[in-house]
Amino acid sequence: MNDLPNARGYLDFLDIKDGKLVIQGWILHPDIPMDSFKVVVDGKVIKEAPLVQSDGMAKVFPFVKHAQHSVFRSSMPYEKKSGVFDIVVIGCRDGREAAKLETWFSEDLRPDFAFPDVLKVRVANNAKKEYFSASSFASFRNYYEPVQRFSKTPIKNMLDWGCGCGRLTVMFSRGTPISEVYGCDIDKESVAWCKENLEGSFDVIPLVPPTRYADDFFDLVISNSVLTHLTKDIQLKWLAEMRRIIAPGGLFVASVHGEFATYFNFNGEVSGPLKNEINDETRDHNLDGLVPNDYYRGTFQTRRYTERVFSEYFEILEYIQAGSLNFQDLVVMRKRVTT
(Lines give C-alpha, C1' and ligand atoms only; values in the text may rest on other atoms or scores of the structure.)
Protein backbone atom coordinates (compact mmCIF):
# COMPACT_ATOMS: atom_id res chain seq x y z
CA MET A 1 0.00 0.00 0.00
CA ASN A 2 2.81 2.43 0.84
CA ASP A 3 4.32 1.85 -2.59
CA LEU A 4 1.18 2.95 -4.43
CA PRO A 5 1.33 6.31 -6.24
CA ASN A 6 -0.81 9.14 -4.96
CA ALA A 7 -3.96 9.60 -6.99
CA ARG A 8 -5.61 12.85 -7.96
CA GLY A 9 -8.71 13.31 -5.87
CA TYR A 10 -10.37 14.76 -2.82
CA LEU A 11 -12.49 13.70 0.07
CA ASP A 12 -15.60 15.85 -0.27
CA PHE A 13 -17.06 14.57 2.98
CA LEU A 14 -15.33 13.04 5.98
CA ASP A 15 -17.40 13.26 9.14
CA ILE A 16 -19.88 11.58 11.45
CA LYS A 17 -23.45 11.32 10.20
CA ASP A 18 -26.27 9.29 11.76
CA GLY A 19 -23.83 7.38 13.95
CA LYS A 20 -21.52 6.48 11.06
CA LEU A 21 -18.18 7.75 9.80
CA VAL A 22 -18.93 8.72 6.20
CA ILE A 23 -16.10 8.84 3.67
CA GLN A 24 -16.87 10.08 0.17
CA GLY A 25 -15.11 11.80 -2.70
CA TRP A 26 -13.42 11.06 -6.00
CA ILE A 27 -10.20 9.40 -7.13
CA LEU A 28 -8.42 9.10 -10.48
CA HIS A 29 -4.97 8.76 -11.96
CA PRO A 30 -3.91 10.28 -15.30
CA ASP A 31 -2.25 7.10 -16.54
CA ILE A 32 -4.29 4.35 -14.89
CA PRO A 33 -7.99 3.76 -15.58
CA MET A 34 -9.61 2.46 -12.39
CA ASP A 35 -12.91 0.61 -12.06
CA SER A 36 -13.32 -0.03 -8.33
CA PHE A 37 -12.19 1.13 -4.92
CA LYS A 38 -11.67 -0.09 -1.41
CA VAL A 39 -11.56 1.86 1.81
CA VAL A 40 -9.10 0.80 4.50
CA VAL A 41 -9.52 2.18 8.03
CA ASP A 42 -6.80 1.40 10.57
CA GLY A 43 -5.57 -1.43 8.36
CA LYS A 44 -8.99 -3.07 7.93
CA VAL A 45 -10.91 -3.08 4.63
CA ILE A 46 -14.38 -1.73 5.36
CA LYS A 47 -15.73 -1.55 1.81
CA GLU A 48 -14.98 -2.71 -1.73
CA ALA A 49 -17.21 -1.56 -4.57
CA PRO A 50 -17.22 -0.29 -8.17
CA LEU A 51 -16.43 3.37 -8.73
CA VAL A 52 -19.53 5.37 -9.59
CA GLN A 53 -19.79 7.02 -13.00
CA SER A 54 -19.84 10.83 -12.97
CA ASP A 55 -20.43 12.91 -16.09
CA GLY A 56 -19.44 15.95 -14.05
CA MET A 57 -15.93 14.61 -13.49
CA ALA A 58 -15.61 13.88 -17.21
CA LYS A 59 -16.44 17.52 -17.94
CA VAL A 60 -13.91 18.81 -15.39
CA PHE A 61 -11.12 16.59 -16.77
CA PRO A 62 -11.91 16.08 -20.49
CA PHE A 63 -8.23 15.31 -21.16
CA VAL A 64 -8.40 12.24 -18.85
CA LYS A 65 -10.40 9.70 -20.85
CA HIS A 66 -11.33 7.59 -17.86
CA ALA A 67 -12.22 10.47 -15.50
CA GLN A 68 -15.92 9.65 -15.41
CA HIS A 69 -15.29 6.50 -13.35
CA SER A 70 -13.97 8.15 -10.20
CA VAL A 71 -16.60 8.67 -7.47
CA PHE A 72 -16.75 6.63 -4.24
CA ARG A 73 -18.79 6.57 -1.04
CA SER A 74 -18.35 4.46 2.08
CA SER A 75 -19.41 4.45 5.72
CA MET A 76 -18.77 2.49 8.88
CA PRO A 77 -20.30 2.41 12.37
CA TYR A 78 -18.58 5.10 14.39
CA GLU A 79 -17.11 4.55 17.82
CA LYS A 80 -14.93 7.30 19.20
CA LYS A 81 -11.34 6.36 20.01
CA SER A 82 -8.21 8.08 21.23
CA GLY A 83 -5.85 9.15 18.50
CA VAL A 84 -6.67 9.37 14.82
CA PHE A 85 -8.37 7.05 12.37
CA ASP A 86 -5.93 6.21 9.58
CA ILE A 87 -7.91 6.15 6.33
CA VAL A 88 -6.73 5.05 2.89
CA VAL A 89 -8.93 5.03 -0.22
CA ILE A 90 -7.42 2.76 -2.89
CA GLY A 91 -8.42 2.87 -6.52
CA CYS A 92 -8.22 -0.50 -8.28
CA ARG A 93 -8.09 -1.79 -11.82
CA ASP A 94 -9.17 -5.35 -12.56
CA GLY A 95 -8.89 -6.14 -8.88
CA ARG A 96 -5.34 -4.80 -8.54
CA GLU A 97 -4.48 -1.83 -6.37
CA ALA A 98 -3.46 1.15 -8.52
CA ALA A 99 -3.36 4.46 -6.60
CA LYS A 100 -4.34 5.92 -3.26
CA LEU A 101 -5.72 8.81 -1.21
CA GLU A 102 -4.67 9.03 2.44
CA THR A 103 -6.08 11.00 5.35
CA TRP A 104 -6.69 11.00 9.10
CA PHE A 105 -9.81 11.71 11.13
CA SER A 106 -10.34 12.56 14.77
CA GLU A 107 -13.44 13.97 16.37
CA ASP A 108 -11.25 15.71 18.95
CA LEU A 109 -9.25 17.54 16.26
CA ARG A 110 -12.25 18.69 14.30
CA PRO A 111 -12.60 22.46 14.90
CA ASP A 112 -15.70 23.30 16.94
CA PHE A 113 -16.05 26.74 15.38
CA ALA A 114 -16.79 28.12 11.92
CA PHE A 115 -14.09 29.58 9.72
CA PRO A 116 -15.30 32.68 7.82
CA ASP A 117 -16.34 31.81 4.26
CA VAL A 118 -14.35 34.63 2.68
CA LEU A 119 -11.16 33.40 4.36
CA LYS A 120 -11.83 29.78 3.41
CA VAL A 121 -12.13 30.76 -0.24
CA ARG A 122 -8.78 32.56 -0.13
CA VAL A 123 -6.92 29.45 1.01
CA ALA A 124 -8.99 26.66 -0.56
CA ASN A 125 -11.12 28.22 -3.31
CA ASN A 126 -14.05 26.55 -1.60
CA ALA A 127 -16.27 27.75 1.24
CA LYS A 128 -18.14 24.47 1.72
CA LYS A 129 -17.81 23.41 5.35
CA GLU A 130 -17.59 19.67 4.63
CA TYR A 131 -14.82 20.06 2.05
CA PHE A 132 -12.83 22.48 4.20
CA SER A 133 -12.95 20.12 7.18
CA ALA A 134 -12.01 17.06 5.11
CA SER A 135 -9.12 18.87 3.42
CA SER A 136 -7.82 20.00 6.81
CA PHE A 137 -7.48 16.40 7.98
CA ALA A 138 -5.80 15.34 4.74
CA SER A 139 -3.31 18.21 4.90
CA PHE A 140 -2.54 17.47 8.54
CA ARG A 141 -1.64 13.88 7.62
CA ASN A 142 0.37 15.04 4.59
CA TYR A 143 2.56 17.35 6.66
CA TYR A 144 2.79 15.71 10.06
CA GLU A 145 3.46 12.14 8.93
CA PRO A 146 6.85 12.97 7.30
CA VAL A 147 7.68 15.21 10.27
CA GLN A 148 7.20 12.23 12.58
CA ARG A 149 9.40 10.06 10.38
CA PHE A 150 12.29 12.50 10.02
CA SER A 151 12.36 14.26 13.39
CA LYS A 152 15.51 13.32 15.27
CA THR A 153 14.65 15.21 18.46
CA PRO A 154 11.39 16.50 19.99
CA ILE A 155 10.03 19.60 18.25
CA LYS A 156 9.57 22.48 20.68
CA ASN A 157 8.25 25.08 18.28
CA MET A 158 7.01 25.41 14.71
CA LEU A 159 5.85 27.97 12.16
CA ASP A 160 2.98 27.63 9.71
CA TRP A 161 4.31 29.96 7.00
CA GLY A 162 1.34 31.16 4.98
CA CYS A 163 -1.17 30.00 7.58
CA GLY A 164 -4.20 31.74 6.08
CA CYS A 165 -7.11 31.30 8.48
CA GLY A 166 -5.26 28.54 10.30
CA ARG A 167 -6.82 25.28 9.10
CA LEU A 168 -3.44 23.51 9.46
CA THR A 169 -2.27 25.58 12.41
CA VAL A 170 -5.18 24.46 14.56
CA MET A 171 -4.51 20.82 13.68
CA PHE A 172 -0.89 21.09 14.80
CA SER A 173 -1.95 22.92 17.96
CA ARG A 174 -4.47 20.24 18.93
CA GLY A 175 -2.98 17.12 17.45
CA THR A 176 0.75 17.26 18.24
CA PRO A 177 2.93 17.65 21.35
CA ILE A 178 4.53 20.79 19.89
CA SER A 179 4.17 23.38 22.65
CA GLU A 180 4.78 26.61 20.71
CA VAL A 181 2.87 27.00 17.45
CA TYR A 182 3.31 30.13 15.34
CA GLY A 183 1.53 31.23 12.19
CA CYS A 184 2.20 34.02 9.72
CA ASP A 185 0.70 35.35 6.50
CA ILE A 186 0.63 38.38 4.22
CA ASP A 187 -3.17 38.48 4.65
CA LYS A 188 -3.86 40.91 7.50
CA GLU A 189 -7.52 39.91 7.81
CA SER A 190 -6.69 36.22 8.16
CA VAL A 191 -3.99 36.91 10.75
CA ALA A 192 -6.35 39.11 12.75
CA TRP A 193 -8.97 36.34 12.75
CA CYS A 194 -6.38 33.76 13.87
CA LYS A 195 -5.27 35.99 16.75
CA GLU A 196 -8.86 36.31 17.89
CA ASN A 197 -9.91 32.68 17.54
CA LEU A 198 -6.94 30.29 17.63
CA GLU A 199 -4.26 29.26 20.07
CA GLY A 200 -0.75 30.30 19.09
CA SER A 201 1.23 33.36 18.06
CA PHE A 202 0.34 34.99 14.73
CA ASP A 203 2.07 37.69 12.69
CA VAL A 204 1.58 39.62 9.48
CA ILE A 205 4.68 39.29 7.33
CA PRO A 206 5.88 41.37 4.35
CA LEU A 207 5.62 40.29 0.73
CA VAL A 208 9.38 39.79 0.70
CA PRO A 209 11.66 38.96 3.65
CA PRO A 210 12.96 39.52 6.22
CA THR A 211 10.53 38.57 8.96
CA ARG A 212 10.87 39.51 12.63
CA TYR A 213 11.85 35.96 13.66
CA ALA A 214 15.30 35.39 15.10
CA ASP A 215 18.05 33.38 13.44
CA ASP A 216 17.95 29.60 14.02
CA PHE A 217 14.64 29.88 15.89
CA PHE A 218 12.23 27.21 14.60
CA ASP A 219 12.55 23.45 14.87
CA LEU A 220 9.94 23.06 12.11
CA VAL A 221 8.43 25.21 9.38
CA ILE A 222 5.56 24.01 7.20
CA SER A 223 4.45 25.76 4.03
CA ASN A 224 1.21 24.69 2.38
CA SER A 225 0.79 26.23 -1.10
CA VAL A 226 2.99 29.29 -0.63
CA LEU A 227 5.94 28.66 -2.96
CA THR A 228 3.31 27.68 -5.53
CA HIS A 229 2.32 31.36 -5.76
CA LEU A 230 5.72 33.07 -5.84
CA THR A 231 7.88 34.08 -8.78
CA LYS A 232 11.22 32.40 -9.23
CA ASP A 233 13.16 35.31 -7.74
CA ILE A 234 10.88 35.73 -4.74
CA GLN A 235 10.98 31.98 -4.10
CA LEU A 236 14.75 32.25 -3.71
CA LYS A 237 14.43 35.13 -1.26
CA TRP A 238 12.04 33.14 0.92
CA LEU A 239 14.15 29.99 0.74
CA ALA A 240 17.04 32.01 2.12
CA GLU A 241 14.78 33.42 4.85
CA MET A 242 13.54 29.97 5.83
CA ARG A 243 17.14 28.79 6.06
CA ARG A 244 17.90 31.76 8.32
CA ILE A 245 15.04 31.22 10.81
CA ILE A 246 15.13 27.40 10.97
CA ALA A 247 17.46 25.89 13.55
CA PRO A 248 20.32 23.65 12.39
CA GLY A 249 18.86 20.18 11.93
CA GLY A 250 15.34 21.65 11.80
CA LEU A 251 12.78 20.56 9.20
CA PHE A 252 11.16 22.51 6.38
CA VAL A 253 8.18 20.84 4.69
CA ALA A 254 6.82 22.75 1.70
CA SER A 255 4.62 22.12 -1.31
CA VAL A 256 5.29 23.00 -4.95
CA HIS A 257 3.43 22.60 -8.22
CA GLY A 258 5.35 19.82 -9.96
CA GLU A 259 4.70 17.90 -13.17
CA PHE A 260 1.64 16.21 -11.66
CA ALA A 261 -0.09 19.52 -10.93
CA THR A 262 1.08 20.92 -14.25
CA TYR A 263 -0.63 18.07 -16.10
CA PHE A 264 -3.97 18.82 -14.47
CA ASN A 265 -3.67 22.60 -14.62
CA PHE A 266 -2.64 22.75 -18.27
CA ASN A 267 -5.15 20.25 -19.69
CA GLY A 268 -2.77 17.33 -19.94
CA GLU A 269 0.25 19.30 -21.15
CA VAL A 270 3.55 19.23 -19.25
CA SER A 271 6.57 19.66 -21.50
CA GLY A 272 5.34 22.89 -23.06
CA PRO A 273 4.46 24.76 -19.87
CA LEU A 274 7.68 23.53 -18.22
CA LYS A 275 10.04 23.99 -21.16
CA ASN A 276 12.13 26.37 -19.01
CA GLU A 277 11.86 24.15 -15.90
CA ILE A 278 9.90 26.80 -13.97
CA ASN A 279 6.85 28.71 -15.15
CA ASP A 280 5.84 31.71 -13.05
CA GLU A 281 4.03 33.65 -15.76
CA THR A 282 0.40 32.95 -14.77
CA ARG A 283 -1.32 35.48 -12.54
CA ASP A 284 -3.47 34.11 -9.73
CA HIS A 285 -6.37 36.44 -8.93
CA ASN A 286 -7.32 34.85 -5.60
CA LEU A 287 -5.71 37.64 -3.58
CA ASP A 288 -6.66 40.54 -5.82
CA GLY A 289 -7.00 43.67 -3.73
CA LEU A 290 -4.74 42.29 -1.01
CA VAL A 291 -1.41 42.19 -2.86
CA PRO A 292 0.07 44.02 -5.88
CA ASN A 293 -1.30 42.75 -9.20
CA ASP A 294 2.00 41.21 -10.32
CA TYR A 295 2.86 39.45 -7.03
CA TYR A 296 0.58 36.43 -6.66
CA ARG A 297 1.16 33.76 -9.30
CA GLY A 298 0.42 30.20 -10.23
CA THR A 299 3.98 28.84 -10.32
CA PHE A 300 4.86 25.41 -11.72
CA GLN A 301 8.26 23.73 -11.75
CA THR A 302 9.91 20.45 -12.61
CA ARG A 303 11.11 18.07 -9.96
CA ARG A 304 14.62 18.38 -11.38
CA TYR A 305 14.54 22.15 -10.94
CA THR A 306 13.17 21.92 -7.39
CA GLU A 307 15.72 19.37 -6.25
CA ARG A 308 18.63 21.23 -7.85
CA VAL A 309 17.73 24.71 -6.59
CA PHE A 310 16.24 23.87 -3.19
CA SER A 311 19.24 21.68 -2.35
CA GLU A 312 21.38 24.82 -2.41
CA TYR A 313 19.50 25.90 0.73
CA PHE A 314 18.51 22.63 2.43
CA GLU A 315 19.23 18.93 2.45
CA ILE A 316 16.33 17.29 0.61
CA LEU A 317 15.14 14.24 2.55
CA GLU A 318 12.16 13.22 0.45
CA TYR A 319 10.19 14.36 -2.59
CA ILE A 320 6.59 13.11 -2.66
CA GLN A 321 4.67 13.47 -5.91
CA ALA A 322 1.13 14.70 -5.27
CA GLY A 323 1.96 14.52 -1.57
CA SER A 324 -0.04 17.63 -0.64
CA LEU A 325 -3.80 17.20 -1.06
CA ASN A 326 -3.14 14.81 -3.95
CA PHE A 327 -2.19 17.65 -6.27
CA GLN A 328 0.92 19.56 -5.20
CA ASP A 329 4.24 17.81 -4.64
CA LEU A 330 5.66 17.80 -1.11
CA VAL A 331 9.33 18.51 -0.45
CA VAL A 332 10.73 17.41 2.92
CA MET A 333 13.94 19.24 3.82
CA ARG A 334 16.37 19.66 6.69
CA LYS A 335 18.64 22.58 7.47
CA ARG A 336 22.21 21.39 7.35
CA VAL A 337 24.25 21.35 10.52
CA THR A 338 27.56 23.13 10.02
CA THR A 339 30.61 22.30 12.12
Side-chain angles (χ1 to χ4, degrees), residues 109-125 132-133 135-147 151 155-230 234 237-239 241-247 250-255 286-287 290-291 295-296 324-325 328 330-333 335:
L109 294 182
R110 183 181 52 189
D112 49 5
F113 50 81
F115 292 88
D117 284 353
V118 65
L119 302 185
K120 289 191 290 187
V121 170
R122 286 180 195 169
V123 301
N125 291 312
F132 198 78
S133 175
S135 66
S136 298
F137 281 112
S139 286
F140 180 45
R141 188 198 191 286
N142 294 159
Y143 281 82
Y144 192 45
E145 191 277 331
V147 169
S151 296
I155 295 172
K156 301 183 297 296
N157 64 14
M158 66 159 288
L159 173 68
D160 184 355
W161 172 44
C163 63
C165 57
R167 65 171 172 174
L168 255 179
T169 325
V170 71
M171 291 286 180
F172 273 87
S173 293
R174 295 184 175 192
T176 77
I178 301 172
S179 59
E180 298 178 29
V181 177
Y182 294 72
C184 65
D185 205 285
I186 61 175
D187 183 350
K188 296 179 181 179
E189 186 178 358
S190 289
V191 170
W193 188 87
C194 288
K195 287 183 176 180
E196 183 70 22
N197 294 276
L198 305 182
E199 297 178 6
S201 177
F202 296 92
D203 290 281
V204 177
I205 57 172
L207 298 178
V208 294
T211 64
R212 71 168 184 85
Y213 304 117
D215 293 358
D216 302 333
F217 184 70
F218 291 107
D219 296 326
L220 167 68
V221 174
I222 63 171
S223 169
N224 180 33
S225 195
V226 178
L227 295 167
T228 54
H229 295 291
L230 304 179
I234 295 179
K237 294 178 187 295
W238 279 110
L239 286 170
E241 177 70 357
M242 292 301 110
R243 181 176 60 186
R244 181 185 73 81
I245 65 177
I246 294 173
L251 296 177
F252 180 33
V253 186
S255 68
N286 212 35
L287 294 186
L290 299 176
V291 297
Y295 180 84
Y296 205 62
S324 178
L325 279 181
Q328 299 177 13
L330 199 65
V331 191
V332 185
M333 296 165 274
K335 180 173 174 177

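Although no hydrogens or angles enter the test, the distance criterion places no donor-acceptor pair under 3.5 Å between the side chain of Y143 and the main chain of I222.
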query = Do E180 and S201 pass the side-chain contact (heavy atoms from CB on, under 4.5 Å) test, and can you show the C-alpha distance, the side-chain angles, and the key distance before you say yes or no?
reply = CA-CA 8 Å; E180 298 178 29; S201 177; over 6 Å; no
Item checked: Verdict with supporting geometry, N224 and R167, side-chain contact (heavy atoms from CB on, under 4.5 Å) -> CA-CA 10 Å; N224 180 33; R167 65 171 172 174; 3.7 Å; yes
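For S136, the side chain to side chain donor-acceptor pair (under 3.5 Å) test picks out no residue, with sequence neighbours left out. Under the rule for a side chain to side chain donor-acceptor pair (under 3.5 Å), S223 has no partner lying at least two apart in sequence or in another chain. Residues passing the side chain to side chain donor-acceptor pair (under 3.5 Å) test with N157, sequence neighbours excluded: none. A search for ring-ring contact (aromatic ring centres under 6.0 Å, His included) contacts involving F218 returns Y182, Y213, not counting sequence neighbours. With sequence neighbours left out, R122 forms a side chain to side chain donor-acceptor pair (under 3.5 Å) with D187, E189.
When all heavy atoms of A247 and D219 are compared, the closest pair comes out as CB-OD1, 4.3 Å.
Aromatic ring pairs are classed by plane angle as parallel below 30°, tilted from 30° to 60° and perpendicular above 60°; the pair W161 and W238 is tilted.
A salt bridge (charged side-chain N to carboxylate O under 4.0 Å, His left out) check over residues 193-208, counting only residues at least two apart or in different chains, returns the pairs D203-R212.
A side chain to side chain contact (heavy atoms under 4.5 Å, CB included) with M158 is found for exactly one of T169, I178, V221, namely I178.
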